[in-house]
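Some notes on the structure that comes next.
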2 protein chains.
Amino acid sequence: MDRTARHSETRYGNRPTMKDVAARAGVGLKTVSRVVNSEPGVTPDTERRVQEAIEALGFRRNDSARVLRKGRTASIGLVLEDLADPFYGPLSRAVEEVARAHGALLINGSSAEDPEREQELVLALCARRVDGLIVIPAGDDHRYLEPEIKAGIATVFVDRPAGHVDVDMVLSDSFGGSREGVAHLIAHGHRRIGFIGDQPRIHTATERLRGYHAAMADAGITVADGWVSLGSTEPERVRMAVEEMLSGPEPVTAMFAGNNRVTVTVVRVLAERERPVALVGFDDIELADLLGITVISQDAAAVGRTAAEHLFRRLDGADHATARVELPTTLIPRGSGELPPA
Amino acid sequence: MDRTARHSETRYGNRPTMKDVAARAGVGLKTVSRVVNSEPGVTPDTERRVQEAIEALGFRRNDSARVLRKGRTASIGLVLEDLADPFYGPLSRAVEEVARAHGALLINGSSAEDPEREQELVLALCARRVDGLIVIPAGDDHRYLEPEIKAGIATVFVDRPAGHVDVDMVLSDSFGGSREGVAHLIAHGHRRIGFIGDQPRIHTATERLRGYHAAMADAGITVADGWVSLGSTEPERVRMAVEEMLSGPEPVTAMFAGNNRVTVTVVRVLAERERPVALVGFDDIELADLLGITVISQDAAAVGRTAAEHLFRRLDGADHATARVELPTTLIPRGSGELPPA
DNA sequence: CATTCTGTTGACAACGTTGTCCAGGGCCTA
DNA sequence: TAGGCCCTGGACAACGTTGTCAACAGAATG
């Protein structure tokens with residue numbers, strides 16, 4: 001087995017190259033390139049011959065080589081927490097649409113809320129020289145991105161702020177939304193209100209908790225021990241937290257759920273109970289309308305679209321100071337948040 | 001502006017290359033390559049010097065060049081219908097996990113159920129020389145893939161079969177699941193049962209309809225005009241179809257919904273009605289348990305995992321005949337499918 | 001001391017494409 | 001017919017990496 005043959009095995013299964021096409025069409029290499037890229041300066045007759053050769057050989061341009069030469073990959077990376085989370089589906093889709101409009105492909109990965117995995121993913125994307133990055137951070141220190149950003153990889157952080165690097169951010173108004181939701185419960189007569197949120201490591205979790213405290217303080221209510229529970233969003237954990245808040249001599253009469261996964265579990269637990277408990281959840285959920293769940297809704301698609309548009313504006317050369325956009329949330333009353341205290 | 005400077009603008013923002021690292025560390029190019037790839041045969045001292053230079057310059061290997069040289073991209077493409085669809089989130093995530101276990105990245109795109117866009121996406125992925133492809137097809141003719149497959153891009157079709165090409169497929173048992181669901185309704189006393197499904201162009205839609213017809217025939221029921229409606233899954237369209245089936249002198253007493261999006265709309269419409277109508281839906285939905293919706297469930301994550309595992313087995317050299325896996329579905333009774341005829 | 005062996009290192013070509021630049025032919029004009 | 005221009009086409013280098021191979025130093029062996 002000679003060297004050429006050995007090579008071809010590990011390569012792209014012996015795909016024809018422009019050189020092959022050129023040989024078959026009886027033209028020069030560059031002429032093929034011109035045809036493939038629809039560049040001017042090729043007579044119709046030559047072009048036809050080249051096209052025929054392309055067809056016959058099943059040639060397809062090797063974008064890896066192209067990228068190496070041109071320096072742009074026409075792809076962007078999206079690092080999020082979990083593609084399976086219903087919040088990220090629409091976000092991801094919105095990013096994809098914008099990318100498509102700019103002729104770019106989307107490479108994505110899930111960090112599973114693990115800072116190390118986030119970094120690993122981000123750096124892998126940088127090694128591929130994606131033109132830009134959209135990151136929903138899991139960790140809170142992103143200094144590892146500095147050389148990459150300096151080297152020109154446009155970056156936008158989404159949903160949570162970046163730690164120790166100066167980049168564009170697109171966030172939801174977690175504090176304001178949460179404050180509004182809790183105030184809504186207070187307005188309906190509640191004073192003993194529980195808060196169940198995500199892990200305190202996560203920025204949105206603490207922001208939402210801050211909103212809760214602000215609303216309670218606004219109403220002059222002292223938050224009792226045991227009304228606040230932060231931790232994993234595992235159903236087990238949330239279930240225990242809910243049950244604890246509902247037991248004891250002075251159970252809460254209303255709850256605020258810190259994100260969609262928490263809300264789902266809380267709804268399930270409350271459904272098993274007799275005494276009605278008011279509930280407002282952060283993030284909308286499919287079918288929440290039918291279940292009558294009052295929520296603070298953030299428009300995931302709008303978040304994704306905004307982030308992607310910022311990114312491409314950077315890629316198109318905008319070099320103004322880094323921006324921090326905060327998108328408003330909406331309270332959607334559907335019943336669960338308007339229940340009076342039991 | 002001289003040529004070098006002009007170039008550097010369009011390139012990766014003047015990122016340092018191995019050559020730069022080599023110069024700074026006072027070693028040869030290949031030695032840097034060895035260090036970067038943890039190849040043996042470098043003394044600790046040399047390695048340290050190289051590492052320092054890498055740190056100092058913020059070097060990161062350019063995977064585009066690497067890919068060009070090695071012929072493997074360590075990435076796979078996933079083409080699905082809509083990332084925002086809750087069915088595809090877990091599927092996509094499962095694919096990603098398998099890819100990650102094999103050290104590959106995932107590039108994905110949505111076809112939006114448009115065959116042309118599907119082809120465009122698939123070919124773009126092939127041009128990037130992804131190692132493998134997982135496709136949820138929108139169209140029904142995939143001969144355009146032939147040269148690609150011949151050239152060695154491993155391909156697995158998911159959820160719907162491929163048209164006119166011989167590739168691995170991982171499907172759900174649409175026919176069987178649908179038949180079981182409709183039989184379930186019949187067992188609960190229904191005879192006038194409506195079917196609302198996706199566009200007939202889509203294979204699963206017709207398979208599910210076939211299951212419906214089979215169950216009806218098994219029970220000796222003649223399907224009346226107006227009990228079957230195939231078309232877009234737009235809420236408007238579905239709503240009209242439901243309302244039509246529920247009006248008239250002999251309205252249906254039960255409905256079978258052909259997929260999750262249809263189910264959601266049907267549930268909404270039925271919720272507005274007084275007379276209860278039984279319902280079984282294909283695909284599970286979050287919170288369906290709380291709403292008491294009986295469904296035929298297919299495990300999206302299992303589908304994705306299976307497909308990805310098949311793909312990587314191919315990439316690892318398996319060259320047995322193409323396989324066609326059909327995963328079973330499960331009926332989950334939750335109330336809506338057990339309602340008696342009104 | 002000559003020889004072989006082992007292990008480290010670097011020079012060089014190649015991967016497939018695109019940018020630059022030049023050659024040659026046809027056409028127009030003087 | 002000579003001179004100039006435009007148009008088409010091709011030769012060649014370069015992108016940043018990795019595989020191959022040879023050179024070299026030092027250790028081990030005769």
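Labels below follow one simple rule: chain letters A, B, ... track the order of the sequence lines, proteins then strands, and each chain is numbered from 1. Hydrogens, waters and symmetry mates play no part in the numbers below; they use all other heavy atoms, side chains included.
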Between D:dG16, D:dG19, C:dT17, which nucleotide gets closest to the side-chain atoms of A:Thr17?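 Taking heavy atoms from C-beta onward, the closest nucleotide is C:dT17.
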Among D:dG10, D:dT18, C:dT18, which nucleotide has an atom closest to any side-chain atom of A:Lys70?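 The answer is C:dT18.
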Measure the distance from [atom1] on [X] to [atom2] on [N] and round it to the nearest whole Å.
X: B:Arg34; N: D:dG19; atom1: CZ; atom2: P; value: 11 Å
X: B:Asp63; N: D:dT18; atom1: CG; atom2: P; value: 8 Å
X: A:Met18; N: C:dA14; atom1: CE; atom2: C1'; value: 18 Å
X: B:Arg129; N: C:dC15; atom1: CZ; atom2: C1'; value: 12 Å
X: A:Leu29; N: D:dG9; atom1: CG; atom2: C1'; value: 12 Å
X: B:Glu39; N: C:dT9; atom1: CD; atom2: C1'; value: 13 Å
X: A:Leu68; N: D:dC15; atom1: CG; atom2: P; value: 9 Å
X: B:Lys19; N: D:dC15; atom1: NZ; atom2: P; value: 7 Å

Remember a base hit wins even if backbone is also touched, and classify [X] as base, sugar-phosphate or nothing at under 4.0 Å, heavy atoms.
X: B:Arg61; answer: sugar-phosphate
X: A:Asn37; answer: sugar-phosphate
X: B:Val36; answer: nothing

To the nearest 0.5 Å, atom CE of B:Met18 lies from atom NZ of B:Lys30 at 8.5 Å
Euclidean distance, A:Arg24 CZ relative to A:Glu55 CD, rounded to 0.5 Å: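 A:Glu55 atom CD to A:Arg24 atom CZ measures 11.0 Å (nearest 0.5 Å).
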Side-chain donor or acceptor of B:Lys30 under 3.5 Å from a matching atom on the base of D:dG19?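 For B:Lys30, whose side chain was compared with the base of D:dG19, there is a donor-acceptor pair (under 3.5 Å).
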Looking at [X], I'd like to know whether one of its side-chain N or O atoms comes within less than 4.0 Å of OP1 or OP2 on [N].
X: B:Thr31; N: C:dG10; answer: yes
X: A:Ser33; N: C:dT18; answer: yes
X: B:Thr43; N: C:dT9; answer: yes
X: B:Arg66; N: D:dT18; answer: yes
X: B:Ser64; N: D:dT17; answer: no

Would you call B:Glu97-B:Arg93 a salt bridge at under 4.0 Å N-O?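 Yes, charged N to carboxylate O under 4.0 Å.
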Donor-acceptor under 3.5 Å (B:Glu118 side chain, B:Ala138 main chain): yes
Just one of A:His320, A:Arg313, A:Arg324, A:Arg314 clears the side-chain hydrogen bond (donor to acceptor under 3.5 Å, both in side chains) bar with A:Asp168, so which one? A:Arg314
